[in-house]
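For reference, the structure is listed below as structure tokens.
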Amino acid sequence: MILVLFGPPGSGKGTQSEYLLQTGKFIHISTGELLRAEVKRATPLGMRVANIMEKGELVHDEILMALIKNCLSEISTKHIIFDGFPRTLNQAEAFTCMLDDKDLKVDLVVDFKIDLDQLIDRISGRFSCSDCGFVYHDIYHKLSVEGICDKCHGTKFVRRIDDQSEVVKNRIQQYLSSTEVVKQYYMQKGIMVSVDASNDPETVKLSLKNCLSQAGFDI
Ligand code: ADP
Ligand code: AMP
């Protein structure tokens with residue numbers, strides 16, 4: 001199954017991807033994570049996109065498509081979660097063609113529906129383990145033991161530069177102006193469903209599980 005998790009920044013796509021990954025059935029492609037890794041390693045690509053990401057703007061479609069092409073060439077499993085991609089109509093169309101060349105298609109797109117006011121609250125409390133990247137929240141997803149990562153026992157934590165409130169506003173704006181239209185594209189294909197992402201993580205997880213089950217994929 002090729003699954004696209006669609007929704008504004010902070011809607012919980014990464015958190016739910018983590019749950020799906022625990023089933024051992026999927027691999028996860030988050031374009032945000034891939035790009036951040038390039039920035040961290042200061043690769044030529046990372047240096048090209050760092051400034052754009054810091055401002056909360058969208059990275060150019062051509063760069064994204066090259067990144068995705070590269071990922072797909074290295075992957076053998078057929079069950080993939082795309083998180084944060086596609087984010088423009090151009091990306092969605094190019095993605096369809098790219099998959100078509102491999103006799104593949106997007107099977108399901110899950111829209112994470114959430115009131116935009118909730119996003120700032122979620123994003124401003126987000127932090128992650130600097131070793132394994134596991135994501136937490138100051139209030140909604142605390143560490144089980146203060147100062148120690150539940151997943152890898154790391155002790156260093158980071159907050160994303162682009163999670164500062166001024167940048168978040170820009171990211172939400174980008175979502176509204178460039179990304180939301182992608183919904184129509186997948187709706188017309190009849191493969192779009194939605195979950196109420198404003199619920200607590202366990203409830204969202206159950207809704208997501210339901211969506212997958214109704215699409216014929218049990219986890
Ligand atoms: P996205 O990947 O869509 O940007 P994340 O999964 O990183 O979003 O979630 C953003 C923040 O909100 C994180 O700090 C996460 O722990 C928290 N979070 C995720 N899902 C929920 C939820 N259902 N309720 C409350 N907080 C959540
Ligand atoms: P995310 O981790 O999904 O919040 O993405 C972080 C940042 O990476 C975004 O604000 C963009 O600058 C960039 N980015 C990630 N995915 C895409 C995409 N599909 N298209 C354009 N830019 C992207």
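Values below: all heavy atoms of this structure, side chains included; hydrogens, waters and symmetry mates excluded. First listed ligand is number 1; within each ligand, the first listed atom is number 1.
- Between Lys13 and ligand 1, an N or O atom pair is found at a separation short of 3.5 Å.
- Of all heavy-atom pairs between Ile29 and Ile68, the closest is CG2-CD1, 4.4 Å.
- In this structure a side-chain-to-backbone donor-acceptor pair under 3.5 Å is present from Asp107 to Ile2.
- Atom numbering of ligand 1 starts at 1 in the shown order; those under 4.0 Å from a heavy atom of Val135 are 7 (O), 13 (C), 14 (O).
- Checked for salt-bridge contact, Glu180 and Lys183 meet the test: a charged N lies under 4.0 Å from a carboxylate O.
- Taking the six-membered ring for Trp and the full ring otherwise, Phe6 and Tyr185 have centroids separated by 6.0 Å or more.
- For atom 16 (O) of ligand 1, the nearest non-hydrogen atom from the set Arg160, His137, Gln118, Arg159 belongs to His137.
- Contact annotation for Thr203 and ligand 1: no heavy atom of the residue comes within less than 4.0 Å of the ligand.
- Counting all heavy atoms, side chain and backbone alike, Cys152 lies closest to Asp131 at SG-CB, 3.9 Å.
- Between the Lys189 side chain and the Val106 main chain, no donor and acceptor come within less than 3.5 Å of each other.
- The heavy atom nearest to atom 5 (O) of ligand 2, considering only Arg87, Glu33, Met53, Arg171, is found in Arg87.
- By the 3.5 Å distance cut-off applied to N or O atoms, Tyr140 is not counted among the residues near ligand 1.
- Checked against a 3.5 angstrom limit, the closest N/O atoms of Val204 and ligand 1 fall outside it.
- The shortest N or O to N or O distance between Gly125 and ligand 1 is not below 3.5 Å.
- Between Phe85 and Phe95, the distance separating the two ring centers is shorter than 6.0 angstrom.
- Scanning Pro8, Ser198, Gly10 for the heavy atom closest to atom 4 (O) of ligand 1 points to Gly10.
- What sits closest to atom 16 (N) of ligand 2 on the protein, heavy atoms only, is Thr31 OG1, 2.8 Å.
- Below 4.0 Å from some heavy atom of Glu57 lie the following atoms of ligand 2, by number and element: 11 (C), 12 (O).
- Using a 4.0 Å cut-off between charged nitrogen and carboxylate oxygen, Arg87 and Asp61 do not count as a salt-bridge pair.
- Here's the thing with His141: none of its N/O atoms is less than 3.5 angstrom from an N/O atom of ligand 1.
- Protein heavy atom nearest atom 11 (C) of ligand 1, with residue, atom name and distance: Arg122 O, 3.6 Å.
- Among protein heavy atoms, the minimum distance from atom 7 (O) of ligand 1 is reached at Arg126 NH1, 2.6 Å.
- Hydrophobic clustering places Leu89 together with Val4 (ILVMFWY residues linked when any side-chain heavy atoms are closer than 4.5 Å, directly or through intermediates).
- The single protein non-hydrogen atom nearest to atom 22 (N) of ligand 2 is Val59 N, 3.0 Å, given as residue, atom name and distance.
- With hydrogens left out, the protein atom closest to atom 8 (O) of ligand 1 is Gly12 N, 3.2 Å, a heavy atom.
- Interface atoms of ligand 2 facing Gln91, defined by a heavy-atom separation under 4.0 Å, are 18 (C), 19 (N), 20 (N), 21 (C).
- Members clustered with Phe134: Phe127, Tyr136, Leu143, Phe157, by chain and number, using a 4.5 Å side-chain heavy-atom cutoff among hydrophobic residues.
- Shortest contact from atom 19 (C) of ligand 1 to any protein heavy atom: Thr15 OG1, 3.2 Å.
- Distances from ligand 1 to the non-hydrogen atoms of Asn199 include at least one value under 4.0 Å.
- At least one N or O atom of Pro201, backbone or side chain, sits closer than 3.5 Å to an N or O atom of ligand 1.
- Asp121 has no carboxylate O lying under 4.0 Å from a charged side-chain N of Arg126, or vice versa, which leaves the two without a salt bridge.
- If you number the atoms of ligand 2 from 1 as listed, the ones under 4.0 Å from a heavy atom of Arg160 come out as 1 (P), 2 (O), 4 (O), 6 (C).
- Of the charged side-chain nitrogens involved, none lies within less than 4.0 Å of a carboxylate oxygen, so that Lys102 and Asp100 do not count as a salt-bridged pair.
- Protein heavy atom in closest approach to atom 14 (O) of ligand 1: Tyr136 O, 2.8 Å.
- Panel note: side chain Gln16, backbone Ala197; no donor-acceptor pair is recorded below 3.5 Å.
- Against a heavy-atom cut-off of under 4.0 Å, Gly84 is close to the following atoms of ligand 2: 16 (N), 17 (C), 18 (C), 19 (N).
- At a cut-off of 3.5 Å, with distance as the only test, a side-chain donor of Asp200 or Thr203 sits close to an acceptor on the other residue.
- None of Val181, Leu58, Leu64, Thr179 except one satisfies the side-chain contact (heavy atoms from CB on, under 4.5 Å) rule with Thr88; the exception is Leu58.
- Heavy-atom separations between Arg36 and ligand 2 include at least one value shorter than 4.0 Å.
- Nearest protein heavy-atom contact of atom 14 (N) of ligand 2 is Leu35 CD1, 3.6 Å.
- Of the N or O atoms in Gly14, one or more lie within a sub-3.5 Å distance of an N or O in ligand 1.
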